[in-house]
Amino acid sequence: MDSPAVLAWYDRHARDLPWRVSPGDRRAGINPDPYRVWLSEVMLQQTTVAAVKSYFLRFTSLWPTVRDLAAAPLDAVLREWAGLGYYARARNLHACAEAVVRDHGGVFPDTAAGLQSLPGIGAYTSAAIAAICFDERVAVLDGNLDRVLARYYALEVPVREAKDELRGALQLAVPERSGDFAQAMMDLGATICAPRAAMCLVCPLHDGCEARAEGDPLRYPVKPVKAERPVRRGHAYVMRDAAGDVYLQTRPAKGLLASMTEVPTSDWAADLPEPHYPAEGNWRWHGQVVHIFTHFRLELDVWSAVVAPEGLDAGWWAAPGTLAGEALPTLFRKVLAEAGLS
DNA sequence: AATCCGGGGGG
DNA sequence: CCCCCAGGATT
């Protein structure tokens, strides 16, 4: 693989991103801040650049260093993460910051192996940080690279079945500027060798690419057979007290939307359960909210009532004006909106 | 090796 | 509607 061509392309076409040090600045001796690179990489796990930008700017404004983030309450981190999804990332992010401060003097390890021992840092993220910050010559393999390499080698099986082979082939191509090479390949996948379009005529890997030679690069990567997405149904109960405050509670620490804020709901089942209202009141049906999770579709009937607060002591009452600052996942923001709040 | 875990943007 | 995104932890 023509790594020099990839780097030359990157020197001219690198995306300008808030967490990135440009190739020109790198040549001038400016090195990336591992804290900012780590934060961005965790946010970018299964998440698009466009969705991450505002969260990254907010986090780095609130917590400019890993020590600041480690000292922050977990609740505050979850509130700021709300809406970004995959909430285990936020808990691992905080745990990782604490570990860096407690076990490493506030300095991130400078090798992929050392980084991967930290919470929320796996094979991809450890390699990305080690390459981008320390130019460790390690293969950085993400979803973009899966697609670029599957096309380059005209891989006839789903990527999952050939991950080790792809990593080995990529490792042989990693140049001295391994950090810029990793970011170059990801930019290539995001802009030139995209999922539904391949601009082969301007691609630095044009000459060696087998899919381009075959003439149908979009045939790759070969997709695995998709599983069906089941439907689950349930009820959501929006309770307000005489002052108009809304009853909220914290979800269990494990499982779906762990430790995030919610309004009470029924169980979620294939067949819509009978509603069991958590308190007496004049319950009114507002409508249905549909939310798509990775592995199922959820349909919630939204109910509301004014109730007496007695017996509702597991959660708390929140004024409507404070809902924006709660750790509410998008699902429950939809529920509250359906009930006429926010 | 499979499964669980969000949400949004684009075709 | 569909797909896919700078994946990791758990089982």
Side-chain angles (χ1 to χ4, degrees), chain A residues 14-15 17-20 32 36-56 78 81-93 95-96 115-133 139-148 150 158-164 167 170 179 181-191 193-197 218 221 223-230 232 251-260 262 289-298 327-334:
Chain A
R15 286 181 291 175
L17 301 171
W19 47 84
R20 175 175 286 179
R36 293 168 59 85
V37 172
W38 161 72
L39 178 60
S40 71
E41 292 298 344
V42 173
M43 288 182 166
L44 287 161
Q45 290 165 4
Q46 295 292 283
T47 308
T48 57
V49 166
V52 162
K53 278 184 178 172
S54 63
Y55 284 85
F56 178 82
L78 291 176
W81 198 275
L84 199 53
Y86 285 135
Y87 298 99
R89 292 188 294 174
R91 295 190 300 282
N92 285 331
L93 186 83
C96 182
L115 288 160
Q116 197 167 345
S117 68
L118 292 165
I121 300 183
Y124 162 74
T125 304
S126 60
I129 299 171
I132 293 170
C133 297
V140 180
L141 196 52
D142 76 325
N144 283 306
L145 274 288
D146 286 347
R147 179 177 56 259
V148 173
V159 170
R160 291 281 291 266
E161 300 176 22
K163 201 82 174 179
D164 292 341
R167 181 175 283 103
L170 180 61
F181 178 70
Q183 295 174 96
M185 291 294 286
M186 291 188 274
D187 280 17
L188 203 58
T191 63
C193 196
R196 291 178 181 80
L218 300 186
K223 293 178 184 50
V225 292
K226 63 177 189 297
E228 83 296 350
R229 179 152 29 212
R232 297 186 197 174
R251 291 179 58 80
K254 292 179 183 283
L256 188 74
L257 306 175
S259 303
M260 300 298 286
E262 67 172 2
V289 162
V290 176
H291 191 76
I292 309 296
F293 290 100
T294 304
H295 51 297
F296 65 95
R297 167 193 174 97
L298 178 63
L328 285 161
T330 298
L331 165 63
F332 292 104
R333 294 190 185 278
K334 290 182 185 175

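Keep in mind that this is a model prediction, so the values were computed, not measured. All values below come from the heavy atoms of this structure, side chains included, with hydrogens, waters and symmetry mates left out.
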Inset, instruction - Give one of base, sugar-phosphate or nothing for A:Thr125, where a contact means two heavy atoms less than 4.0 Å apart. - result: sugar-phosphate

Legend entry - Paired nucleotide for C:dA9 [Watson-Crick or G-U wobble; both distances under 3.5 Å]: B:dT3

Inset, instruction - Have a look at A:Arg229 and say if it touches a base, only the backbone sugar-phosphate, or nothing, with a 4.0 Å heavy-atom cut-off. - result: nothing

Inset, instruction - Give a yes or no answer on whether the side chain of A:Arg147 reaches the backbone of A:Pro221 with a donor-acceptor pair at less than 3.5 Å. - result: no

Legend entry - Sugar-phosphate, base or nothing in reach of A:Thr48, heavy atoms under 4.0 Å: base

Legend entry - Touch class at under 4.0 angstrom, heavy-atom based, for A:Gly255 against every strand present: sugar-phosphate

Inset, instruction - Indicate, with a heavy-atom threshold strictly under 4.0 Å, whether A:Arg160 touches base, sugar-phosphate, or nothing. - result: base

Inset, instruction - Return no unless some side-chain N or O of A:His295 is found under 4.0 Å from OP1 or OP2 of B:dC5. - result: yes

Legend entry - A:Asp187 side, atom CG; A:Arg15 side, atom CZ - distance, nearest 0.5 Å: 4.0 Å

Inset, instruction - Using a heavy-atom cut-off of under 4.0 Å over every strand shown, decide if A:Ala190 touches base, sugar-phosphate, or nothing. - result: nothing

Inset, instruction - Just call it for A:Trp38: base, sugar-phosphate, or nothing, with non-hydrogen atoms closer than 4.0 Å on any strand. - result: nothing

Inset, instruction - Look at all strands and tell whether A:Arg15 reaches a base, only sugar-phosphate, or nothing, counting heavy atoms closer than 4.0 Å. - result: base

Legend entry - Closest-nucleotide 5' rank along DNA chain B - winner of A:Thr330 and A:Arg196: A:Thr330

Inset, instruction - Give one of base, sugar-phosphate or nothing for A:Leu17, where a contact means two heavy atoms less than 4.0 Å apart. - result: base

Inset, instruction - Check the distance between B:dG6's P and A:Phe293's CZ and give it to me in whole angstrom. - result: 7 Å

Inset, instruction - Just call it for A:Leu257: base, sugar-phosphate, or nothing, with non-hydrogen atoms closer than 4.0 Å on any strand. - result: sugar-phosphate

Inset, instruction - Could you measure between the two P atoms, the one in B:dG9 and the one in C:dG8, and give it in whole Å? - result: 24 Å

Inset, instruction - Quickly, which of A:Leu141, A:Asp146, A:Leu145 forms a side-chain contact (heavy atoms from CB on, under 4.5 Å) with A:Val159? Name it, please. - result: A:Asp146

